[in-house]
There are 2 protein chains.
Amino acid sequence: MTSTSIPRYRQLKELIIRRISSGELRPRDRVPSENELVDSTGVSRMTANRALRELNDEGYVERIAGVGTFVADFKAALHVLEVRNIADEIALRGGEHSAEVLQNEETPADANAAAALHIETGTPLLHVRLVHFENGTPIQLEDRYVVPDFAAEFLQQDFTVTTPSAYLSSVSPLQEAEHVVRATLVDVATRRSLDMKDGEPCLIVTRRTWAHGRPVTFARLCHPGSRFELSGHFAPPGADAL
Amino acid sequence: MTSTSIPRYRQLKELIIRRISSGELRPRDRVPSENELVDSTGVSRMTANRALRELNDEGYVERIAGVGTFVADFKAALHVLEVRNIADEIALRGGEHSAEVLQNEETPADANAAAALHIETGTPLLHVRLVHFENGTPIQLEDRYVVPDFAAEFLQQDFTVTTPSAYLSSVSPLQEAEHVVRATLVDVATRRSLDMKDGEPCLIVTRRTWAHGRPVTFARLCHPGSRFELSGHFAPPGADAL
DNA sequence: TCCCACAGGTTGTATATACAGGCTAGTGCA
DNA sequence: TGCACTAGCCTGTATATACAACCTGTGGGA
């Protein structure tokens, strides 16, 4: 016996998510109807219905009675999924984005990261540290950890071209994000990286993101407090809607 | 014909939510089992199952296979629901909370509020403005709008005793919250209320909260930037988990 | 040409039924 | 007394079936 078997409606959901992640199904594409899933996979319509209904509730697809089921337009879902990318934000303001990678390594999880990502301390994690610039001014230090089996080739990316967030979104739709925001003083290394004065407060956003129902990445984003008003707003869920 | 009829699984959900909101069912209390709902309401077990399953997904109840369904312990769910109360935060730090109500009125919705709450411009809204103090120091200006039919007696509360957030949570469990955080300069009146210097930046959290699937309240929380590091962290979803 | 009616596909909901698996309390045996 | 087993309730899932409501395209009638 292979432990507890995975329910069929869940398998169906995974199947469709894979097709979306792989690019086989693109935003606004039509997803197989309940009856087509019944024919192609042999499940009952109620099972297909549950799979599609849950994908709808989770924001992967949009269903229209009498018409069909379609891959969600992730642009419209941004305020729910919160996969906003700092490069896009800067572009929106008309600024020019660049980045400098400070660190890029595999590292064992410390207690903090382990707790945040629901793994054992010491488990290998992918770790990247980089500074984002807007028109040459440092505006964010990103310190990110990624669970390896979510995105094995994460460290091989060129983060001066694609931001970590953008790459991770391309691997799989990100499901859910948690944020903690606080203002504190930070260490010398961070202050230097962000070109900050001693005593200047830093606004820190800790963001944890879920995919496939489990936390897969965890980032500490540090913004210089004195320049924060200049960099406009950054947006936890809901920014677009307001 | 009374327009489109409300589905029975939804009626069942509302029924149970009402029992929770009214206090008839308290956290950790047992919720009627699927079979009991079948007997008492005449629906089929699958319909009862769907109602309870969705209440589970939405965080209202917790289900344990083989045991039963129980009202969620909202303390444990805090990091998901984000109904954190500034008075509780202050108490956690050992401080003493007090509040001063600046304004308390019914007012027509302006364009901003209308868009945020999915209502027509000009619809009456309940509006409260108050300052929260920690040990006598102003630390937050709360500017809150509430949809009247969600909490008709909102304005009659004594907000120096119960914070708006605490009162709203007691009316009905709050389902979902959206946040926008940004740092800006604010107007003179706000600066005065918070005892801030000219040119001192303000950290603004805009919070929109859902209940019963629709936005019901919308708050602008303003914190003096220079005192923010002193007031510790404030916590969008996930604070506890980290 | 324009408009209405309808057929057919699609989602949304509701029910009856069935079986698997988890948990608990209580029974009965050693 | 203490332990093992089981009956019974609970949730979780799967299926077949049924009807309602919705949307679109098509074809026929005015």
Side-chain angles (χ1 to χ4, degrees), chain A residues 1-17 19-20 25 27-73 76-77 212-213, chain B residues 1-17 19-20 25 28-73 212-214:
Chain A
M1 204 91 61
T2 61
S3 76
T4 321
S5 69
I6 297 164
R8 308 185 71 169
Y9 80 90
R10 231 177 245 282
Q11 294 178 31
L12 251 184
K13 285 173 66 177
E14 287 296 329
L15 176 73
I16 293 165
I17 288 174
R19 287 204 213 166
I20 295 174
L25 289 173
R28 310 203 140 259
D29 275 2
R30 183 204 182 79
V31 174
S33 74
E34 296 179 3
N35 283 321
E36 286 166 353
L37 289 174
V38 167
D39 293 341
S40 65
T41 69
V43 302
S44 73
R45 186 168 89 88
M46 283 306 296
T47 300
N49 174 274
R50 177 164 180 187
L52 291 177
R53 178 156 43 82
E54 291 194 2
L55 289 175
N56 178 63
D57 293 342
E58 291 162 14
Y60 283 108
V61 303
E62 188 181 349
R63 313 196 76 195
I64 304 173
V67 182
T69 302
F70 305 89
V71 177
D73 189 338
H212 309 298
Chain B
M1 205 105 42
T2 61
S3 76
T4 321
S5 68
I6 297 164
R8 307 185 70 170
Y9 79 91
R10 231 178 247 281
Q11 294 179 31
L12 251 185
K13 284 173 68 178
E14 288 295 330
L15 176 75
I16 293 165
I17 288 174
R19 286 203 212 167
I20 295 174
L25 289 173
R28 309 204 139 258
D29 275 1
R30 183 205 182 79
V31 174
S33 74
E34 296 179 4
N35 282 320
E36 287 166 352
L37 290 174
V38 168
D39 294 341
S40 65
T41 70
V43 303
S44 75
R45 186 166 90 86
M46 283 307 294
T47 300
N49 175 274
R50 178 164 178 186
L52 291 177
R53 177 157 42 83
E54 291 195 1
L55 288 174
N56 178 64
D57 294 344
E58 292 162 14
Y60 284 108
V61 304
E62 187 180 351
R63 312 195 75 194
I64 304 173
V67 183
T69 302
F70 305 89
V71 177
D73 189 338
H212 309 297
R214 55 169 196 156

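A note on names: the letters A, B, ... follow the listed sequences, proteins ahead of strands, and every chain is numbered from 1. Keep in mind the model is a prediction, meaning the values are calculated, not measured.
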Output the rounded distance in Å from [atom1] ([X]) to [atom2] ([N]).
X	N	atom1	atom2	result
A:Glu34	D:dA16	CD	P	15 Å
A:Glu54	D:dA14	CD	C1'	14 Å
B:Phe70	D:dC9	CZ	P	16 Å
A:Ile64	D:dC23	CD1	C1'	10 Å
B:Asn56	D:dT13	CG	C1'	15 Å
B:Ile6	C:dG12	CD1	P	17 Å
B:Met46	C:dG12	CE	P	16 Å

Working to the nearest 0.5 Å, report the span between [atom1] of [X] and [atom2] of [Y].
X	Y	atom1	atom2	value
A:Ile20	A:Tyr60	CD1	OH	8.0 Å
A:Phe70	A:Ile64	CZ	CD1	5.5 Å
B:Leu12	B:Leu52	CG	CG	7.5 Å

- [ ] For the residue pair B:Thr69 and B:Leu55, establish whether any side-chain heavy-atom pair is separated by less than 4.5 Å.
- [x]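 Contact flag for B:Thr69/B:Leu55 side chains = no.
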TODO: Please examine the side chains of A:Arg19 and A:Pro32, heavy atoms only from C-beta on, and report whether any two atoms are closer than 4.5 Å.
DONE: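 Side-chain contact under 4.5 Å: yes.
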Looking only at the side chain of [X] (C-beta and beyond, no hydrogens), which of the listed nucleotides [options] gets closest?
X	options	result
A:Ser33	C:dT11, C:dC19, C:dT15	C:dT11
A:Asn49	D:dA14, D:dC22, C:dT13	C:dT13
B:Asn35	D:dT15, C:dT11, D:dC10	D:dC10
B:Val67	C:dC23, D:dT13, C:dT15	C:dC23

Between [X] and [N], does any side-chain N or O lie under 4.0 Å from OP1 or OP2?
X	N	result
A:Ser44	D:dA14	no
A:Tyr9	D:dT13	yes
B:Arg63	D:dG12	yes
B:Arg8	C:dT15	yes
B:Arg30	D:dC10	yes
B:Arg50	C:dT13	yes
A:Thr69	C:dT11	yes

TODO: Indicate, with a heavy-atom threshold strictly under 4.0 Å, whether B:Arg53 touches base, sugar-phosphate, or nothing.
DONE: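 Since no nucleic acid heavy atom lies under 4.0 Å of B:Arg53, the category is nothing.
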Open item on the list: Applying a 4.0 Å non-hydrogen cut-off, can you work out what B:Glu36 is touching in the nucleic acid: base, sugar-phosphate, or nothing?
Closed with: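 B:Glu36: backbone/sugar contact only, no base atoms under 4.0 Å.
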Open item on the list: Counting distance alone, no hydrogens or angles: does the base of C:dG12 have a donor or acceptor under 3.5 Å from a partner atom on the side chain of A:Arg45?
Closed with: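 Result: at least one qualifying N/O pair found.
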- [ ] Check whether the side chains of B:Asn49 and B:Arg53 place a donor and an acceptor atom closer than 3.5 Å, and report yes or no.
- [x]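 Note: B:Asn49 and B:Arg53 side chains meet the donor-acceptor criterion.
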